[in-house]
2 protein chains.
Amino acid sequence: MAKYKEVAEDMQRKIRAHAFGKKLPTEKELLEMYSVSRNTIRSAINILVKQGYIHKIQGSGLYINKKTIGDRNVLNLAVKIGLSRVLPEHSITSKLLNFGLISADKKLASNFSCDIGTPIYRVKRLRFIDNHPLSIEDSYYNKNIIKYLNEDIAKNSIYSYIENDLKLEIRFSDEYISVKPLTDEECEHLNVQKGSSSLMIREINYLKSSIIFNISETLYNNDQIVLYTPVQRD
Amino acid sequence: MAKYKEVAEDMQRKIRAHAFGKKLPTEKELLEMYSVSRNTIRSAINILVKQGYIHKIQGSGLYINKKTIGDRNVLNLAVKIGLSRVLPEHSITSKLLNFGLISADKKLASNFSCDIGTPIYRVKRLRFIDNHPLSIEDSYYNKNIIKYLNEDIAKNSIYSYIENDLKLEIRFSDEYISVKPLTDEECEHLNVQKGSSSLMIREINYLKSSIIFNISETLYNNDQIVLYTPVQRD
DNA sequence: ACACATTTGTCCGTATGTATC
DNA sequence: TGATACATACGGACAAATGTG
């Protein structure tokens, strides 16, 4: 892995472990700690800023954002590629609602930018955080890219399977957030009051070279989660 | 303004004007066009990536993301500091629902990280996009920082007043997204069916030096808008 | 109010690695 | 395979904001 990414990950670990106080060491101290150049340490720092871990004050220092890190009820969109990564302190489990291999119809093909008839895995899961129902995820994987999936993998983290076993690199995603009234069945799954609405995130996920390997629609339990995102003015 | 920011803005303008095709010129061509160094052009490019204008493919080039730019129904969170900036192609107007000067109670003081009793402007507005009701914004401004506001300013863009007239620099914000059932009055304002729910964004806005000058809660009309955010894996 | 040291921000140049075509 | 194009990393110089005395 690139140096600046390794440094960033180490700094994140230290922040989560409260190894620093309210402030990070200065750039100068950090580049000495990690034996890298100033540009490299600044690349690492910028990742932390983008993900909402810290904010910078010119002339003063690097300050840790206390609030949103490690809170079960806060889902940080800036880090949100796969659930397990966003909430590493919590146990994410799944109940499989549907698993199958289908063939892309016109709409799916359009969303995937693939040919009609392309084989697609469909995985619908009820997901739990620390045993509380968190979300209903309806997800589609392009089988030409994700060659093999099964129910066992789907019960666990599909994303860690893709990254660790298939060695594919997930690069970026587009997220569309809206509100959807829930059906009675969905309310039961999520254990919320009938007639309520929920946050829905439509997601398009890309490998490197901008290959779409996955699209999904997820309904979140409002009682369990608030979305968070930091925004930097450039 | 910094060179890389000027370059980024110019590139954004060109993208919005469809001055490039599907691809941007290469880094090398761009740095020659703008007479800047490679680092500078790359800083500018990274802004466009972060804001969802383009994506990069190593070895191939810089590709323009068609979909989300200039769409009235898509509110790009990565650019969302003030509404007028996010949707420059559209007319944003406001109807003032409430305007007043109040004194920070315990809760407001805590949210603002200021003393109890600090003077605070409250501005509640119904906002329209191209004359369609878009959102109900309930907003608070710390008078110690934003020294003067009036109803006239509030009817127009408060953010452009802050930046252009007061010459204050808005630096970053924290956004919390959830779902809220609407009251009948809110439904009428937004012209949506009674009993429906809406996206709510709680926002904390900072000047440089991490000074909180504004917090707000905004209810969005789901019929008019979908939130969008690009996420880069680092 | 001023001068000074500290700390982050911007910009430049160069070299080499990696992915795509 | 070679050429092209983006990615990573190092080094140095000066500017701007902050904090201190």
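Per chain, numbering begins at 1; letters A, B, ... match sequence-line order. Keep in mind that what you see is a predicted model, and the values were worked out from it rather than measured.
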Margin query: Any side-chain N or O of B:K28 below 4.0 angstrom from OP1/OP2 of D:dT4?
Written below: no
### Query
Can a side chain N or O of A:S43 be found less than 4.0 Å away from OP1 or OP2 on D:dA9?
no
Per atom distances to the A:R42 side chain, the nearest of C:dT18, D:dA9, C:dT8 is C:dT8
#### Entry: Any B:K5 side-chain N or O less than 4.0 Å from OP1/OP2 of C:dT10
yes
Distance col, row A:T229:OG1 vs B:K80:NZ, nearest 0.5 angstrom, shows 11.0 Å
d(A:R171 CZ, B:Q58 CD) to nearest 0.5 Å is 7.0 Å
Rounded to whole Å, the CG-P distance (A:N39 to C:dG17) equals 18 Å
Assign each of A:I41 and A:G59 the nucleotide of DNA chain D bearing its closest heavy atom; nearer the 5' end lies the nucleotide of A:I41
Indicate, yes or no, whether a donor-acceptor pair under 3.5 Å links the base of D:dA16 to the side chain of A:Q58.
yes
Assign each of A:Y63 and A:S37 the nucleotide of DNA chain D bearing its closest heavy atom; nearer the 5' end lies the nucleotide of A:S37
Nearest-nucleotide check on DNA chain C, B:V36 vs A:E27; residue mapping nearer the 5' end is A:E27
**Prompt:** Is B:R42 salt-bridged to B:E27, cutoff N-O under 4.0 Å?
**Reply:** yes
Comparing nearest nucleotides in DNA chain C, the 5'-proximal residue of the pair B:Y4, A:E169 is B:Y4
- [ ] With heavy atoms under 4.0 Å as the rule, sort B:I57 into base, sugar-phosphate or nothing.
- [x] sugar-phosphate
Looking only at C:dC12, D:dA9, D:dA16, the nucleotide nearest the A:T40 side chain is D:dA9
In whole angstroms, the gap separating P of C:dT7 from NZ of B:K208 amounts to 20 Å
Heavy atoms of B:V123 and B:A154 approach each other most closely as CG1-CB, 3.8 Å
message = Tell me whether the side-chain N/O atoms of A:S60 come closer than 4.0 Å to OP1 or OP2 in D:dG19.
response = yes
Rounded to whole Å, the CZ-C1' distance (B:R38 to D:dC10) equals 14 Å
B:K56 atom NZ is separated from C:dT20 atom P, nearest whole Å, by 15 Å
For A:K66 and A:G21, the nearest pair of non-hydrogen atoms, with its separation, is NZ-O, 4.4 Å
**Prompt:** Can a side chain N or O of A:K3 be found less than 4.0 Å away from OP1 or OP2 on D:dC10?
**Reply:** yes
